[in-house]
Amino acid sequence: MPELPEVETVVRDLRAAGLEGRTIRRALLHWPGMIDGGDAARFCRLVRGRRIRAIARRGKFIRFELSGGWTLLAHLRMTGQFELLPSREPRAPHERAALVLDDGRELRFRDTRKFGRWQLVRDAGARLARLGPEPLAPDFSAGRLQAALRGRRGRLKPLLLNQAIVAGLGNIYADESLWVARLHPARSAGNLSAAELRRLHAAMRTVLRRAVAARGTSLGDGQTNFRGLGERRGGYQRLLRVYGRTGEPCRRCGTAVQRIVLAQRGTHFCPRCQILGRRAGCGRTVR
DNA sequence: ATCGCAGCCTGTACGC
DNA sequence: TGCGTACAGGCTGCGA
């Protein structure tokens with residue numbers, strides 16, 4: 001499930017593979033539905049002949065800055081993967097699109113479940129303006145997190161998944177961050193103490209930094225799992241504390257990790273380390 | 001503002 | 001073994 005660390009890994013891999021500076025000869029869209037806005041022909045026409053000037057990440061979006069002021073925004077959603085292969089390589093299963101480059105290679109996009117999206121925009125800033133702050137940016141302080149949560153009455157986990165609050169967290173790293181911060185996922189965000197806020201802020205950054213260093217999380221080994229460019233798997237699955245560990249002992253206290261559904265998402269936490277505050281619920285430890 | 005749900009998809013895991 | 005069903009989840013859009 002590509003979240004911030006996985007998307008960051010892909011961006012770094014693409015840069016390291018020398019994609020910046022290459023020119024797009026043409027685009028192939030095997031599944032036109034992946035173009036946001038739906039106009040696949042327009043996409044192909046507009047992208048043709050443009051140079052990839054830079055590649056960057058914003059939240060879970062990959063930004064390809066193209067010549068002529070256009071930006072290709074790519075979102076991997078659940079199962080999107082990029083590959084950079086020689087043009088002679090046969091098309092892989094679930095390949096949805098490719099950008100034919102000027103050096104004999106193609107940037108290929110595989111996406112088993114067809115959730116991924118590409119969008120060509122003039123003003124990427126406007127499109128990305130709804131995203132909240134970057135949690136790993138140097139200026140993302142506890143105060144900025146507090147400002148982002150100010151006035152919010154919702155529960156912590158749904159808010160952490162809301163990309164307008166903070167950009168880049170998904171289900172895995174939201175659960176992991178809350179465990180590190182020792183905060184219950186259903187805890188009301190509106191009444192965090194200053195200390196709890198600092199804990200949450202530090203936890204998010206620690207978890208995300210370590211996950212980036214580990215090149216993200218690769219669960220299982222089917223084709224729906226995350227890989228960086230090529231076959232290299234991430235390593236953070238070995239460091240997961242609660243996600244996917246239902247019934248296994250908490251790494252802090254040994255209590256069985258519990259799974260509940262919050263905001264329609266599987267949510268993993270330690271019922272002993274992460275207790276609900278008095279105002280958020282019934283005031284007792286959830287079993 | 002917040003919540004829950006449907007929809008988009010398909011591989012995988014499960015029960016029978 | 002084979003079938004059917006539930007489930008996984010990022011994001012959007014809808015209605016409450």
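Lettering follows sequence order; numbering is per chain, from 1. Note that the structure is a prediction, hence the values are computed from the model and not measured.
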Could you list the donor-acceptor pairs under 3.5 angstrom formed between side-chain atoms of residues 14-26 of chain A and any protein atom two or more places apart in sequence or on another chain?
residue: A:R15; atom: NE; partner: A:I55; partner atom: O; Å: 3.0
residue: A:R15; atom: NH2; partner: A:I55; partner atom: O; Å: 3.0
residue: A:E20; atom: OE2; partner: A:I55; partner atom: N; Å: 2.9
residue: A:R22; atom: NE; partner: A:D102; partner atom: OD1; Å: 2.7

Calculate the interatomic distance between A:E3 atom CD and C:dG10 atom C1'; express it in whole Å.
9 Å

Using Watson-Crick and G-U wobble pairs with both distances under 3.5 Å, what is the 5'-to-3' dot-bracket string of DNA chain C, with [ ] for crossing pairs and | for pairs outside the strand?
.|||||||||||||||

Take a 6.0 Å sphere around CZ of A:R122 and say whether it holds more than 12 heavy atoms from other residues, nucleotides or ligands.
yes

For A:Y236, which residues count as a ring-ring contact (aromatic ring centres under 6.0 Å, His included) partner, sequence neighbours excluded?
A:Y173

Ignoring hydrogens and angles, state whether a donor on the side chain of A:Q237 or A:S218 is under 3.5 Å from an acceptor on the partner side chain.
no

So which protein nitrogen or oxygen atoms get under 3.5 Å of nucleotides 7-10 of chain B's nitrogens or oxygens?
residue: B:dC9; atom: O4'; partner: A:R113; partner atom: O; Å: 3.4
residue: B:dC9; atom: O2; partner: A:R113; partner atom: NE; Å: 2.9
residue: B:dT10; atom: OP1; partner: A:K114; partner atom: NZ; Å: 3.4
residue: B:dT10; atom: O2; partner: A:R113; partner atom: NE; Å: 3.4

Under the salt bridge (Lys or Arg N to Asp or Glu O under 4.0 Å) rule, collect the residues that match up with A:R105, sequence neighbours excluded.
A:D103

May I ask you to say what A:G33 touches in the nucleic acid, namely base, sugar-phosphate or nothing, with a heavy-atom cut-off under 4.0 Å?
nothing

How many Å lie between CZ on A:R127 and P on C:dC11, as a whole number?
10 Å

For the pair made of CG in A:N171 and P in C:dC11, what is the distance, rounded to whole Å?
11 Å

Counting just side-chain N and O atoms, does A:Q163 come under 4.0 Å of either OP1 or OP2 of C:dG10?
no

Can you name the side chain to side chain contact (heavy atoms under 4.5 Å, CB included) partners of A:E248, sequence neighbours left out?
A:R245

Can you tell me how far C1' of C:dT12 sits from CZ of A:R265, to the nearest Å?
11 Å

Atom pair distance, as rounded to whole Å: CG in A:L159 and P in B:dG4
12 Å

Side chain of A:R152 only, heavy atoms from C-beta on: which candidate in B:dT2, B:dC3, C:dC11 is closest?
B:dT2

Please find out if less than 6.0 Å separates the ring center of A:F109 from that of A:F64.
no

Rounded interatomic separation in angstrom, taking CD from A:Q264 and P from B:dA6:
9 Å

Rounded to whole angstrom units, what separation is found between the CZ atom of A:F226 and the C1' atom of B:dG11?
19 Å

According to side chain to side chain contact (heavy atoms under 4.5 Å, CB included), who are the partners of A:P135, at least two apart in sequence or on a separate chain?
A:L4, A:F140, A:V166, A:M204, A:L208

Any N/O pairs under 3.5 Å between the protein and nucleotides 14-16 of chain C? List them or say none.
none

Does A:R57 have any salt bridge (Lys or Arg N to Asp or Glu O under 4.0 Å) partners at least two apart in sequence or in another chain, and if so, which?
A:E8, A:E134

Please identify each residue that fulfils side chain to side chain contact (heavy atoms under 4.5 Å, CB included) with A:A195, with sequence neighbours left out.
A:S193, A:R198

Mind checking what makes salt bridge (Lys or Arg N to Asp or Glu O under 4.0 Å) contact with A:K60, not counting sequence neighbours?
none

Would you indicate what A:Y243 reaches in the nucleic acid, counting non-hydrogen atoms under 4.0 angstrom: base, sugar-phosphate, or nothing?
sugar-phosphate

Distance in angstrom units between A:N162 CG and C:dG13 C1', rounded:
15 Å

Side chain to side chain contact (heavy atoms under 4.5 Å, CB included) with A:R45: which residues, sequence neighbours excluded?
A:R42

